[in-house]
Every structure is written in C-alpha cells, then in structure tokens.
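All remarks here apply to the structure that follows.
As the structure is a prediction and not an experimental result, all values here were calculated from the model. Counting starts at 1 for both ligands and their atoms, in listed order.
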Amino acid sequence: MAHKNKPSPKAVNPANQQEKILEDILEVVLQEARRRLLEASRDPQRPRYHFLPPPGWMNDPIPYFYDGNYHVFFQYHPGLPFWGNMHWDHAVSKDLVYWENLPIALFPERGKPDSEGCWTGSIIKRGNLFLAFYTGVYPQNQCLALSKDLIRWKKYPQNPVISYLQKPAELNETFRDPHVWQMDNQWYMLLGAGKSYLEGSPLLFASTDLLKWEYLHPLYQGPAAGDECPDFFPLGEKWVLLSSRKLTKWAVGNFKNLFFEPETFGIVDYGSFYAGKTLLDNKNRRILFGWIHEERPVEEQLRSGWSGVLSLPRLISLSPDGSLKIEPVPELTQLRRETLIKDYFELKGFTDSSGFREFEIPGGNQIEIEIILSKVSAREWGLILPGGESIIYDNESKRFMNENYRLPNNQRVNLRIFVDNSVIEVFLNGDFCKTVRHYPPLEAYSQPLRVFCRDGKIRVEKLNVWSMKSIHSHSINGAE
Ligand code: FRU
C-alpha cells in the first residue's frame, strides 16, 4: 500500500520535475502578458484599427508578400515599451485590414554578431527558401537567416555575410538595413550609409550566391537620400528610392549603369511616420508601410506599456508629373462601420468671421472623414476635428497643416482623414501625407466636427464621415 506522504513516481522523476517548473514559469509569463495586454487595451490612446503588436516597443516595418499573404516583420522589444534589444516580430494579413501576430522571427543571440540586436533588413525568396538579411549589432554587420515557411528561422552559421570592415572609411558609422533584390541574374544589396545625417549615400553591393558580397559604389549620394532603411524598386519606366533620416524621403528617377539619377524627390509623410518600406503584391501593387512613432512623454509610454503603431497600408504609383502618388489602399473601406454624416453644401466666409458648419459625431475618436471640395476661393479653409486637432490650408502662405504646400488655383481637393484615437493619418490629393499624434482625454471628442472657410468660398461636394470597426478583440469603447 502506498504511503500517504510519498510523492508519486511521476513527481520524483527529474525530467518531469523540470517540465513542471517550465510549465509553471510559462504560466506566470502568460499571465503577465495577458495582464499587460489588458492594461494596454484600456489605454484610451491606443489605436483600434491600426495594427499594434502585443505590449512592448515597435519600429521599422519590413513588408513582404507571398502566396496571398501580406507579411510585415518589424523591430520589436518584447514586453518593454522603449527601444532596445531588437527582435524581429511578425504579423500577417490576408486583406490588409485584419492582422494576426505570429511568433517572434529573430532573436539576438549571445556570442553571435547579433548579440545586441537584430536590426532592420529585407526578405527574398530563392528556390524553396526564404532569406532574411538584417543588421546584427554591435558593430553593424550584415547577417542572414533562412526559413522554409517564413515562421521558423535559422541563422546562417557563418554570419556575418558582410562585415563592418567592408564599410568605406570616409562614411559615418551608419552601415545597415540591407535591402536585397535580383536583377539580370545577379543579386544586389543596398545598405543605408551616409557622409553625414543630411546627406545619405546608400551603398551598392553585388553577389552571385547571396553569401559573398562585393562592394561596388554608392548608388547615389546627396540630399534626396537618408542614411537609414533604403528601399529601391522599379515603378513603371522609373526607379524609386525610399530612404529615411528624420523623415522618409522618396526620389523617382533612372537607374543606369548601376547608378541612380533622381529626377524628382519629396517627403513621404511630414509627420510622425518613419522608416517607410514597401512590398509588391500579386496584383502588381507597390504597398508602403511605415512606423508611426509616439509623441507623448516617455513616462506616459512606460505607464501605458506600448509604443509604436504600424501605419495604414498606402498604395504607391507615379503621377503624370513624375512625382510619387501615395493613397490609402482601397481595402480600408472594409473598416467603415456606419455612415454618420453624408452631406454637401457651400460655405462663404468673411475676413473677420468665418463661414462654418458643425456636425455632432458620436465616437469621434474612431472615424474616417472624406471631404471633396471644388470652387475653392477662400483664403483659408479647413476642419477642426472632434478631438480638437485642426487641418487647415492657408492660401496666402501656401501652407497645409503648417507645411509648405501649394494647391493650384481651382484645384479640386480630395481629403481623407483617418482618426484612430491618438493616431490621425491625413491624405491630400495623393501628393501630401501627414501623420499626427495627439493624446486628448476621451471627453474632448464630444466637440463637434467643424468645417470652415474664411475670406471667400468653398463648395463641399461631399462630406462623408464613417465610424470605424476595431480590428482588435480588446476594445474599451464598445466598437467591434
Ligand atoms: C531606423 C533604425 C534603423 C535600424 C533600426 C534599429 O528607425 O535606426 O536604421 O536598423 O532602427 O531598431
């Protein structure tokens, strides 16, 4: 007969004991992760229809399309809402609207060239293998990881494939964010680099086997490039270079004899948007994502447990004048839940008193606004959003949202504004984007939406406002 206090044979087995300890630890970790998610989801500033990873820090998306799935890898600090110890996290979507967070793809490894972080890079496919190129730190070395399914990754044992010693001496310390592509049976890599922060100098490398890389020359050197996160791709007859420093810049031009000659250049987004990079989908569409960074004090970010948001996907095309056109992807209309306003009207304003219309918007913290204007003769026109943020064009100083922007006379205005709690993404006529962060208390959204003009007229051909669905299962304000 077994003794009452005798442990069962299972419990004394050291292997079982270890398993039990691991299970207990996992349970504690999971409980903590759930607690943090719940905590973060109660934060009224947290967006509801933008993708965010589980609590922690995110930056720099790395978009990649394969077999009907939109993948976005991104820089991630698990559990901690400040930059450090970078991992690659991974999310996937079938429709560019709803996202599933997948297991972390790359971890820093002690004693390896990425021991202090796996920084930004790119993904390509060769045969039945996917290859992720990324920067291992410190110093900045280019590393490789391989996968058969984009989910489980194995690091290349002979990492790095490009050592920091291959960096030309005259450049500053930036030597990172490999962007790899294939052309004429040759592989090319572009690395973020520069003489100074103001003047980027993305460096071109070439390889036949993706393992041994030879440095060729700077692809381009000058103010149209930043020294971080290069992306380079053909669009129609032209080539486009995206790169970042302070803001993400675009340059459209020709790629001749392995040198890039920009013809037009500009800014991808004038606001809290950075490290823009693209994917090419099976409809041959170039789709851009960026990192929307926080603008509230660090203490508040620490308290909230999360930092950083993935931008809404944006469609890139060429305008007839050769500049880059950037618009929200059409899939985003799926997020519209209920039409709150559908209207059209004319407004007339005077020098000392503006003409305006006001609209009560229930749930003004989670909406999309579309407004189309014609016959714009007013010296100033704009909208004041329910949360208090103003979106104004000043025809005298030629400024839109406090940025230099010239709206040609009698030009129709097509404005899309996505308000998702603390994130506001604004798109004007496909040639101006600005992402704004604001953190008003929830009560502030009870102010009406105001459309106004001063000193002249506007015709509002269309004003549509929709409430928007939530893509997260945790929601504080009853949205689905
Ligand atoms: C841009 C950047 C990249 C770098 C990454 C590190 O935001 O500085 O150049 O790879 O962030 O997280």
Taking the six-membered ring for Trp, are Phe82 and Trp57 closer than 6.0 Å centroid to centroid?
no
Could you please provide the protein residues found below 4.0 Å of ligand 1 on a heavy-atom basis, arranged by chain and number?
Asn59, Asp60, Gln75, Trp83, Met86, Trp119, Thr120, Arg176, Asp177, Glu228, Cys229, Tyr274, Trp291
Could you tell me whether Lys434 and Glu403 have a side-chain N and a carboxylate O separated by less than 4.0 Å?
yes
Hits for ring pair (Phe, Tyr, Trp, His ring centres under 6.0 Å) against Phe175, two or more places apart or cross-chain, chain-then-number order -> none
Who passes side-chain hydrogen bond (donor to acceptor under 3.5 Å, both in side chains) against Arg336, sequence neighbours left out?
Glu368
Are the charged groups of Asp227 and Lys195 less than 4.0 angstrom apart, N to O?
no
Sequence neighbours excluded, which residues qualify as side chain to side chain contact (heavy atoms under 4.5 Å, CB included) partners of Ile62?
Phe73, Trp88, Thr120
